[in-house]
Amino acid sequence: MTASTITPLVPEPAAPAVERPCYRVYEHPITLEGEKLRPGVWYHGQSLDKQSGEYLPFDEWLCGPLHVEAVTRNEGQDGDYGRLLRFRNADRRELTWAMPNELLAGKPDSILSVLLGMGLDIDYQRRAKVCQYIAAQYPKDRVIAATSTGWHSPELFIMPRQNIGEGKAIFQSEAGNDDDYRQGGTLEGWQAGIGAMCEGNPLLMLSVCAALAGPLLYHVQRQGGGFHIIGDSSTGKSSAILAGASVWGHGETFKRTWRATGNGLEGIASQRNDTLLALDEIGEADPREIGAVVYAMANGTGKARASRTGAARAAKRWRVMLFSSGELGLSALMAEGGKRSRAGQEIRLLDIPARRRYGAWDNLHGLPGGREFSDAIQRTSVTHYGHAGPQFIRKLLESREQDGLPTLLAQLCGQYPTNNGQEDRAAERFALLAMAGELAISFGTLPLPTGAARDAMLGLFDVWRAGRGQGPSEDRQILRAIADFIARHGDSRFSSADDPQGEARDRAGYWEDIPSGGRLYLFNRPGLEEAAKGFDLPRVVLALDNVGAITKRDSGKHQALKRLADGTRERLYFIDPSKLEPET
């Protein structure tokens, strides 16, 4: 008996009869009408033979096995419709992608690029027919689509490839393989290499607690905000960024840089909803745009944009804790672009100096130097990662403590000494991080003694207050601007009030000596507006009054009427420059 006549013990399965035209998906090789077909999606069609006038069958292989499992949509059943796709890639891995239906309205490239990138085998010549196949499927099953990561309900936390908690939903996005929430190594490895190292290192504690605080924003109903570590090159700032990023994913992959457009950062922020937006090197940002970007990142709302029809498109939304680093602070960077930072921007991104005992560190935990400590943090962030954040969520859900978080936050806020509303907002953010850290300690996520996170945040709040100075941020900016104006133009744009015809280019006012020594500067209105350019005049006067810098005024006025030596009279602002400098 020759090999060609051997009959297999298990015959190859035969496909059931088909009613052409139709699509079929075969998981294994199969025989149809005497023809052997490879696994995949097949189009069984028929074409008219012009000579015979008969319809002749044909079979086209489109791609590897690709199933349209369900229709996805939001809970209101009025939007976010899509298709849940399941397939095996070239390495035989079973993958899923919740594909938005919006992609079917455009060119096939937007769908094919994702499927090809995920490893689906596709016939290049028939690639457009793959999208036709997807559009032609109408499965009966329905699945709730979540279009952002984070809390879908108080009991369900959504991530691209896993859900934590109770409830059914699936993450849906235009990029099926865009998942930075990867895991590597073990939680124990992360705890030993980063978690335990937080003890005695407030900046490392700040980074890890910022990453853990992101999920708490939802439960305490607060907008996002962040912290910005400032320090010279090679002090350990970037290592702190990597440590925070490793809570949710691979340190280097989860971390991003400021070198992106505002639109690009909106997309990244929406992918980090309810977690951490870690951005390194603020010096790479556009100084002219950074202020608006900080507002957007903290407020959680993207730009309003129009569709091709002119109708308003839904803006992206997110809640994130922002953690940043750079050699410049926000104000200094904006000044490079000719902009002045506002108090709202400075409060949304709090500057924290990285001037500790060993660069960014205080406790080296037995390592010989700050560089070696930074290297150890970096190695751990790319070896053991992505475990602490999900474990923190699981423990939070198990504890059933979500409803008590606003009360706990208020109690922690009471431990922070504040003098104004701006400091209150900053204190609340430090308290939120302290709460996240203490919860993580109680859950066993952070292997640290109780109170370690609370004490570290209280200490960093004092550091922030000392570096910021007293009073509202706007006051300090106004007073500094007027003092700088006097320093630059005191002799060129002012002359003695006893000599009103004295030389003064583009006169901003006059000066007069005072008995105790020194001078008063008598600003005219245009001069004071120019000196404090960018602030409304009533706000300028308020800042001057807060430090007692206006020494003379008429009843009901902020100015005083001054009779000059030539007999003319002019209303002027009498300002004592010694009051403009902060007390030391």
Side-chain angles (χ1 to χ4, degrees), residues 147-152 154 157-159 180-181 206-229 240-241 244-245 247-249 254-256 258 260 262-280 282 285 289-303 315-326 330 341-352 389 392-393 396 402 405-406 409 412-413 421-422 424-437 439 457 460-461 464:
T147 56
S148 66
T149 59
W151 295 103
H152 186 71
F157 193 89
I158 299 287
M159 299 175 70
D180 290 335
Y181 294 85
L206 182 76
S207 173
V208 170
C209 290
L212 295 171
L216 303 184
L217 293 169
Y218 172 84
H219 294 288
V220 298
Q221 293 298 299
R222 293 292 186 272
Q223 290 181 325
F227 300 85
H228 176 63
I229 300 179
I241 294 288
V247 170
W248 293 102
F254 200 86
K255 175 206 77 174
R256 299 298 175 90
W258 281 97
N263 294 348
L265 287 176
E266 285 183 14
I268 297 169
S270 65
Q271 297 168 9
R272 303 291 192 263
N273 185 55
D274 285 333
T275 60
L276 174 74
L277 179 59
L279 298 175
D280 201 9
I282 200 172
E289 293 185 3
I290 187 66
V293 171
V294 168
Y295 271 132
M297 293 300 103
N299 293 344
T301 305
K303 290 182 181 179
K316 288 186 172 68
R317 295 185 180 276
W318 56 83
R319 281 180 306 266
V320 294
M321 188 60 68
L322 174 60
F323 195 68
S324 167
S325 73
L330 179 63
S341 65
R342 300 294 186 184
Q345 294 159 338
E346 294 178 1
I347 290 299
R348 283 167 173 81
L349 188 64
L350 304 176
D351 287 344
I352 308 294
F392 179 75
I393 297 295
L396 179 64
Q402 300 96 306
L405 294 180
L409 178 62
L412 287 169
C413 286
Q422 292 174 11
D424 287 342
R425 291 179 62 187
E428 185 179 70
R429 194 170 313 138
F430 279 101
L432 180 66
L433 266 64
M435 182 170 70
L439 285 172
M457 294 308 109
L460 287 175
F461 177 72
W464 172 77

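Computed over heavy atoms, backbone and side chain alike; hydrogens, waters and symmetry mates excluded.
- No side-chain heavy atom of W248 sits under 4.5 Å from any side-chain heavy atom of D180.
- For the atom pair T147 OG1 and R317 CZ, the distance stands at 11.5 Å (nearest 0.5 Å).
- With N273 contributing its side chain and T149 its backbone, the two residues share a donor-acceptor pair below 3.5 Å.
- The shortest non-hydrogen separation linking L276 to A211 is CD2-CB, 3.7 Å.
- Within the model, atoms CZ of R429 and CZ of R222 stand 11.5 Å from one another, a figure rounded to the nearest 0.5 Å.
- Considering every non-hydrogen atom in both S270 and S148, the closest pair reads O-CB, 4.3 Å.
- Between L330 and Q345 there is a side-chain heavy-atom pair separated by less than 4.5 Å.
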Can you check side-chain contact (heavy atoms from CB on, under 4.5 Å) on Q271 and W318, steps first, answer last? CA-CA 8 Å; Q271 297 168 9; W318 56 83; over 6 Å; no

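- Defined by atom type and a distance below 3.5 Å, a donor-acceptor pair is present between the side-chain atoms of W258 and S324.
- Distance check, rounded to the nearest 0.5 Å: SG of C209 to CG of L439 gives 10.0 Å.
- Considering every non-hydrogen atom in both L350 and A426, the closest pair reads CD1-CB, 3.9 Å.
- The OG1 atom of T275 sits 9.0 Å away from the CD1 atom of I393 when rounded to the nearest 0.5 Å.
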L216 vs L432, test: side-chain contact (heavy atoms from CB on, under 4.5 Å). Steps then yes/no. CA-CA 8 Å; L216 303 184; L432 180 66; 4.0 Å; yes

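- Proximity of I158 to D274: side-chain heavy atoms (C-beta onward) are nowhere separated by under 4.5 Å.
- Taking 4.5 Å as the limit, every side-chain heavy atom of F323 sits out of range of all side-chain heavy atoms of M321.
- Of the inter-residue distances, the one linking L433 atom CG with L212 atom CG reads 8.5 Å to the nearest 0.5 angstrom.
- Defined by atom type and a distance below 3.5 Å, a donor-acceptor pair is present between the side-chain atoms of R348 and N299.
- I229 has its side chain out of reach of I241: every pair of non-hydrogen atoms, C-beta onward, lies at least 4.5 Å apart.
- Proximity of Y218 to R319: side-chain heavy atoms (C-beta onward) are separated by under 4.5 Å at one or more points.
- When all heavy atoms are compared, the tightest approach of I290 to A285 is CD1-CB, 3.8 Å.
- V220 is listed as a side-chain neighbour of M435, based on a closest heavy-atom distance under 4.5 Å.
- To the nearest 0.5 Å, the span separating CD on E346 from CH2 on W464 amounts to 9.0 Å.
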Would you check, one step at a time, whether the test side-chain contact (heavy atoms from CB on, under 4.5 Å) holds for I352 with L460? CA-CA 8 Å; I352 308 294; L460 287 175; 4.2 Å; yes

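- L396 is listed as a side-chain neighbour of H219, based on a closest heavy-atom distance under 4.5 Å.
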Would you sort out whether M297 and L277 count as a side-chain contact (heavy atoms from CB on, under 4.5 Å), showing the intermediate values? CA-CA 9 Å; M297 293 300 103; L277 179 59; 3.6 Å; yes

How far apart are the C-alpha atoms of S325 and D280, what are their side-chain angles, what is the distance that settles it, and do they pass the side chain to side chain donor-acceptor pair (under 3.5 Å) test? CA-CA 5 Å; S325 73; D280 201 9; 2.4 Å; yes

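- Taking the centre of each ring, F461 and F430 come in below the 6.0 Å mark.
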